[in-house]
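Here the structure is laid out as structure tokens; the discussion comes afterwards.
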Amino acid sequence: MTKGNETKITDELYAYMLAHNPPLDAVQRELVETTYARLPEQAGMQSAEEQAPLLAFLVRLTGARHIVEVGTFTGFSALAMARALPADGRLIACDISEEWTAYGREAWERAGVADRIDLRIAPALDTLRAMPAEPHIDLAYLDADKGNYIAYWEELVPRMRPGGLLVADNVLFHGLVTDPRATGSAAAIQAFNDHVAADPRMDSVMLTVSDGLSLSRRR
């Protein structure tokens with residue numbers, strides 16, 4: 001049997017990968033540095049550097065014009081996706097923190113994409129349930145509280161257009177998803193991964209990018 005885990009991601013190999021990806025622009029780089037400087041205890045919530053060019057690539061690949069992000073934090077991933085949107089595209093960003101998203105608002109303004117981002121400060125389930133029920137979302141990015149992942153999924157999937165892409169972050173949850181005694185967020189992600197794999201409405205694959213990503217296409 002062929003194994004796919006023989007290439008271990010060392011620091012040198014990780015740096016090599018970043019060097020061969022599109023680099024962060026000046027606004028993105030400043031936002032990353034600001035997040036780590038001002039919110040050092042929470043900065044690990046920020047999407048990994050390599051996810052920015054990947055998300056932008058997926059926006060362009062799908063031709064997305066209507067994006068929904070669940071969990072915005074300081075706005076790094078929203079910035080990456082909004083940069084890739086056409087001028088008439090829109091991204092609805094769901095979060096509950098005015099403090100954290102304020103950093104994103106500043107960055108979006110500097111990047112010239114603030115008019116493409118509709119930040120909604122409210123519980124994300126309330127925001128999602130207030131959206132039109134018919135399929136209309138081209139791309140969704142899920143990176144929020146893990147205990148509600150299945151609930152978010154169930155609100156998003158019926159609203160995804162056929163061929164729409166739902167990207168979920170942290171699906172490996174620091175490697176704890178293999179622990180049969182997992183509790184809390186790790187157990188929630190285990191349940192979410194099983195839920196995704198069994199959903200007949202979606203075609204899904206799991207990738208070992210950063211802390212794990214699942215890509216799910218609406219049938």
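Quick caveat, the model's predicted, so the values are computed rather than measured. Just so you know, these numbers use all the heavy atoms, side chains as well, and skip hydrogens, waters and symmetry mates.
- Counting all heavy atoms, side chain and backbone alike, Thr127 lies closest to Cys94 at CG2-SG, 3.7 Å.
- Residues Val167 and Val177 do not share a hydrophobic cluster, clusters being chains of Ile/Leu/Val/Met/Phe/Trp/Tyr side chains in contact below 4.5 Å.
- Under a hydrophobic clustering in which Ile, Leu, Val, Met, Phe, Trp and Tyr are joined whenever their side-chain heavy atoms come within less than 4.5 Å, directly or via other members, Tyr149 and Leu207 fall into different clusters.
- In the hydrophobic clustering of ILVMFWY residues, with side-chain heavy atoms under 4.5 Å counting as a link, Phe73 and Leu54 come out together.
- When every heavy atom of Ala80 is checked against every heavy atom of Ala52, the shortest pair comes out as CB-O, 3.6 Å.
- Arg159 places none of its side-chain heavy atoms less than 4.5 Å from the side chain of Arg218.
- Glu49 places a side-chain heavy atom less than 4.5 Å from the side chain of Leu18.
- With a 4.5 Å cut-off on side-chain heavy atoms, Asp95 and Arg120 do not count as touching.
- With contacts defined as side-chain heavy-atom distances shorter than 4.5 Å, the pair Leu213/Met206 does not qualify.
- Contact of the Tyr103 side chain with the Leu39 side chain is registered, since non-hydrogen atoms from C-beta on lie closer than 4.5 Å.
- Within the 4.5 Å cutoff, the side chain of Ser204 has no heavy atoms near those of the Arg217 side chain.
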Assess the residue pair Leu79 and Leu31 against the criterion (side-chain contact (heavy atoms from CB on, under 4.5 Å)); give the C-alpha distance rounded to whole Å, side-chain angles, the decisive distance to 0.1 Å, and a yes or no. CA-CA 10 Å; Leu79 174 58; Leu31 181 55; 4.3 Å; yes

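- Using a 4.0 Å cut-off between a side-chain N of Lys or Arg and a carboxylate O of Asp or Glu, Arg129 and Glu155 qualify as a salt bridge.
- With salt bridges taken as basic N to acidic carboxylate O contacts below 4.0 Å, none links Glu134 and Arg161.
- Both Leu58 and Val209 sit in one connected hydrophobic cluster of ILVMFWY residues. Membership requires side-chain heavy atoms under 4.5 Å apart, directly or through other members.
- Of all heavy-atom pairs between Ser97 and Ile121, the closest is O-CD1, 3.9 Å.
- Once rounded to the nearest 0.5 Å, the distance linking OH of Tyr141 with CG of Leu165 reads 12.0 Å.
- Between Thr178 and Phe173, the closest side-chain pair of non-hydrogen atoms is not below 4.5 Å.
- Under the side chain to side chain contact (heavy atoms under 4.5 Å, CB included) test applied with Leu139, the options Ile67, Val68, Leu85 reduce to a single match, Ile67.
- The closest donor-acceptor contact from the side chain of Trp153 to the backbone of Val196 lies at 3.5 Å or more, if one exists at all.
- At least one donor-acceptor pair under 3.5 Å links the side chain of Thr10 to the backbone N or O of Leu13.
- How far CE of Met160 is from CZ of Arg201: 11.5 Å, rounded to the nearest 0.5 Å.
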Phe192 and Asn170: side-chain contact (heavy atoms from CB on, under 4.5 Å), yes or no, with the steps? CA-CA 11 Å; Phe192 173 75; Asn170 302 117; over 6 Å; no

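- A salt bridge links Asp88 with Arg65; the closest basic N to acidic carboxylate O contact falls under 4.0 Å.
- A donor-acceptor contact shorter than 3.5 Å links the side chain of Gln28 to the backbone of Asp25.
- Within a 6.0 Å radius of CD1 in Ile96, other residues, nucleotides and ligands contribute 12 heavy atoms or fewer.
- To the nearest 0.5 Å, atom OG1 of residue Thr74 and atom CD of residue Glu99 are 11.0 Å apart.
- The structure places CD of Gln51 at 6.5 Å from CG of Leu55, a figure rounded to the nearest 0.5 Å.
- Closest non-hydrogen pair, Arg116 versus Arg83, comes out as NH1-O, 3.8 Å.
- Nearest heavy atoms, Ala78 versus Thr72: CB-CG2, 4.5 Å.
- In the displayed structure, Tyr14 atom OH is contacted under 6.0 Å by more than 12 heavy atoms of other residues, nucleotides or ligands.
- Listed for the Asp211 side chain is a donor-acceptor partner under 3.5 Å among the backbone atoms of His174.
- Atom CG of residue Asn148 and atom CG of residue Leu125 lie 5.0 Å apart, to the nearest 0.5 angstrom.
- Counting heavy atoms from C-beta outward, Ile92 and Glu69 have side chains that stay 4.5 Å or more apart.
- If you take CE on Met81 and CG on Leu91, they are separated by 5.0 Å, rounding to the nearest 0.5 Å.
- Linking Ile, Leu, Val, Met, Phe, Trp and Tyr whenever their side-chain heavy atoms come within less than 4.5 Å leaves Leu215 and Tyr152 in two separate clusters.
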Please report the C-alpha distance between Asp115 and Arg90 in whole Å, then the side-chain angles of each, then the deciding distance to 0.1 Å, and finally whether the salt bridge (charged side-chain N to carboxylate O under 4.0 Å, His left out) criterion is met. CA-CA 8 Å; Asp115 61 333; Arg90 293 294 179 269; 5.3 Å; no

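- Taking both residues in full, the closest heavy atoms of Ser77 and Ser47 are given as CB-OG, 3.8 Å, listed atom of the first, atom of the second, then distance.
- No donor-acceptor distance shorter than 3.5 angstrom exists from the side chain of Arg219 to the backbone of Pro162, with no hydrogens or angles considered.
- Applying the salt bridge (Lys or Arg N to Asp or Glu O under 4.0 Å) definition to pairs two or more places apart or across chains, those involving residues 140-149 are Asp143-Lys146.
- Remark: side-chain polar atoms of Asp138 are not paired, donor with acceptor, to backbone N or O of Gly164 under 3.5 angstrom.
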